[in-house]
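Residue numbers start from 1 in every chain, and the chains themselves are labelled A, B, ... in the order their sequence lines are given, proteins ahead of strands.
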Amino acid sequence: MKDDYLSELNEPQRKAVECTEGPVMIIAGAGSGKTRVLTYRIAYLLTHGVDAFQIMALTFTNKAAREMKSRIETLAGSEARNLWMGTYHSVFARLLRMDAPRLSYPSNFTIYDTEDSKSIIKSILKEQNLSDKTYKPSTVLARISSAKNNLLSWQAYNQDSELVNSDIQAGRPMMGKLYELYSKRCFRSAAMDFDDLLYNTYLLLDRFPDLLHKFQSKFRYLMVDEFQDTNYLQYIIIRRLAALHENICVVGDDAQSIYAFRGANIQNILSFGKDYPDHKVFKLEQNYRSTATIVNAANSIISQNKKQLPKKIWTANDEGNKIKLLRALSDNEEGSIIADIIYSEQMTHDYTYRDFAVLYRTNAQSRALEEALRRRNIAYRIYGGLSFYARKEIKDMLAYFRLAVNPHDEESLKRIINYPVRGIGQTSIDRLIATAGESEVSLWEVICNLDHYKSGISGGIKTKISAFADMIRSFNVMLVKQPAYELAMHIANHSGLLRELYHDKTPEGISRYENLQELLSAIREFTETGNTPLPGPDNETPADDSRTLDAFLQDIALLTDNDNKKEEEDKNRVSLMTVHMAKGLEFKQVFVAGLEENLFPSQLSLVDRDDLEEERRLFYVAITRAEKKLYLSYASTRYRWGNLIGCEPSRFLNEIRPEYLDQPVSAQFDSFQETSHNVWNEKAVVRKNNFTGAAQGRFKPVGKTVNPAPVNDFESDDPRKIVTGMEVLHARFGKGKVLSIEGGYPDIKATVFFQGHGTKMLLLKFARLKIV
DNA sequence: GGAGGCCTCGGAAGG
DNA sequence: CGAGGCCTCC
């Protein structure tokens, strides 16, 4: 009875679920029920006598972990909460919280995000008088990151003549030194960056055999999702952990590896076979998601790649519709066509907005799509963009919280020592940092002992610094006895941050204040219910420890995506996102926009064969998101950094066998049927706008204006009325004069007279007009 | 300390 | 073109 759910699986899926002992590799094609197999496998272990805390399951994202965990709970009961399930970073951070003191780190170490890391590098560059042009912080960080992911400490890095020479060749001889300084600075701040969470876990297991043995015995079963996106270091760690029991199960699909540019290593799939010669392989090749046409088209594309594991994805689903090719004259028209189809599909068929997704290669493409959807009042949601916890005001508040927990955290200290303003200027801060660096102690250490360290700071400022230190210390003292919410409120009020934002009555200021309130409510909820957005297993956390601000910070440190936005996801909206973000999702109808050479595939990938193969896998991921209908669209012109450029259809379109398409791929656009939306909506630049009358001072031209010309008299502030009579410059027709207009700000359709070209209907862009 | 000017640069993105 | 960083000026 307890195994009822197994009947929902097909033969290969069931075998993969039931083969729990020994090394197992599951190759799971797109739409083959990969997540289902993984969840059922864990549920199967739980219902067959394995304790949840003996299972470690690693996922690619927090979201995947959360979803899988709740599904396991419905299958196998609340015991599932005790699983060690999460991302590599969250699971390893939890290990490190237990044993970091072995590495001379405190258990309450701070976790630095990428922004913190870059900021450290910037300040090191400044101190070392190095240019951030030759040493771009992102490049330096990437180099350090890749060193750690190849198990190279800064000492080992500097002894590796090949690396040192390649840095010298690249004109960056100081790279090794920067790695050293960066590592030391993180250590002094009692902080780890994302890579340290992996690297230090490795060190812990490598240096301390007792710990290695402890964890090896504890975790009898290991499972790894999205194995194709695992990097070398991650693989080394799980191999170590699995060495005793060798119950290791990896699940992945080489055809969907789209993160090689970030260190993911498909090679791991091959290494697995060598490292575990007696491993079993299960291939999940039946696709349940898509129509036969879509599956076949996807196969015809991916087969162009040389590097791939042999497998044959098939489906028993209906043939379905042919793939629709959409050709547009411009990026804006592409948006219009897509929006029109979405509108009519949901009107005439049994579809609703949430069934649609528009996928694109670059974020910049979203603008034209958004405008088209907005114009038709179609609700949409853009995935990606700035996450809640990345906002300035949130990071400021969190910096206070982090300092209360760990005052040595230099990045947080620098961030808020003079925010709100308390008269500690940049010069003083620089002096303090320099002093800390010379004495090799933390910034906090210097601030607490101003008279001991010779920093050259005057008495008056010393007093201010000491007052700040006293405040932080008082927060720190409250940490142990105050519940998270009360302490957070106390800090928000006594730091002056809340007051600072309360008095800012600009729209942005109000929004920032609201965001802070939202953060405080989240902490309140955490304090009252213990709920955090992160699926952290809590069985080993002492109960009295679980509602402190410290615990809250730990829970959110590794949370970056738009989580706890449950109600957002319930809304009925069209989804807009990059193909990368779409991995793991599925939609009834999918549009892939911008299928043009140099865009998808991106021009940066065309130099390198491997990059092109990854680009093709990306395309494969895009089209396999579709269940029922797939549309591929391309435009003949597109705005790129303000310039209109000509585009050709993507080579990928020609790699699809023509029988799966509704029409041949063609670069000819002449025969395209005009609709009300695609007449002449190419952008024109407004050349002239010296406003007079009522609009003067209300509308301000942003950017350069040329050739001033008289503007019609007007009474209204309505920019639509201002436009008439204006001179515009068009990419194709040159200068013209606006005769009449329709529509609304900021996109106004105008009839324009061009000498030699007659009158044309144009879309005028008013993005350059700012209301003041 | 904040607003505005000038310069640079431009792929995608989890933790 | 537009975002972000840095510099200057008030």
When all nucleic acid strands are considered with a 4.0 Å heavy-atom cut-off, which category describes [X]: base, sugar-phosphate, or nothing?
| X | value |
| --- | --- |
| A/D229 | nothing |
| A/E615 | base |
| A/S602 | base |

Tell me if the aromatic rings of A/Y105 and A/F187 count as close, with their centers under 6.0 Å from one another.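 Yes.
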Short side-chain N/O contact to B/dG11 OP1/OP2 from A/S605, under 4.0 Å: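 No, A/S605 has no side-chain N/O under 4.0 Å of OP1/OP2 on B/dG11.
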Please tell me if A/N363 has a side-chain N or O lying less than 4.0 Å from either OP1 or OP2 of B/dG10.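 No, because none of the side-chain N or O atoms of A/N363 sits under 4.0 Å from OP1 or OP2 of B/dG10.
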State which of [options] makes the closest approach to the side chain of [X].
| X | options | result |
| --- | --- | --- |
| A/T362 | B/dG15, B/dG14, B/dG11 | B/dG11 |
| A/T61 | C/dG5, B/dG15, B/dA12 | B/dG15 |
| A/K136 | B/dG15, B/dG10, B/dA13 | B/dG10 |

Check this for me, if you would: do A/R638 and A/E334 make a salt bridge, where the nitrogen-to-carboxylate-oxygen distance has to be below 4.0 angstrom?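 Salt bridge between A/R638 and A/E334, a charged N being under 4.0 Å from a carboxylate O: yes.
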Atom CZ of A/R499 with >12 non-hydrogen neighbours under 6.0 angstrom: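 Not buried by this count: 12 neighbours or fewer within 6.0 Å.
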Using a cut-off of 6.0 Å, state whether more than 12 heavy atoms not belonging to A/E127 lie near its atom CD.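 For A/E127, atom CD is crowded (more than 12 foreign heavy atoms under 6.0 Å).
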Measure from NZ or CZ of A/K392 to the centre of the six-membered ring of A/Y419 and say whether it is under 6.0 Å with the direction within 45° of the ring axis.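 Verdict for A/Y419: a cation-pi partner in A/K392.
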Could you state the atom-to-atom distance from CG of A/L612 to C1' of B/dA12 in whole Å?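 In whole Å, B/dA12 C1' lies 15 Å from A/L612 CG.
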Please state how far atom CD in A/E596 lies from atom P in B/dG11, giving the value in whole angstrom units.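 My rounded result for the distance is 17 Å.
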Go nucleotide by nucleotide along DNA chain B from the 5' end; which of A/N418 and A/V579 gets its closest nucleotide reached first?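 In this pair, the answer is A/N418.
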Nearest-nucleotide wise, let me know which of A/R422 and A/N231 is further upstream toward the 5' end of DNA chain B.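 Upstream on the strand: A/R422.
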Please give the distance between the C1' atoms of C/dG5 and B/dA12 as a whole number of Å.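 The answer is 23 Å between these two C1' atoms.
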Would you measure the distance from the P atom in C/dG4 across to the matching atom in B/dA13 and give it in whole Å?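 Between the two P atoms, the distance is 15 Å.
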Between the base of B/dA12 and the ring of A/F261 - centre-to-centre under 5.5 Å, planes within under 30° - is that a stack?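 A/F261 ring centre within cut-off of B/dA12 base, planes near parallel; stacks.
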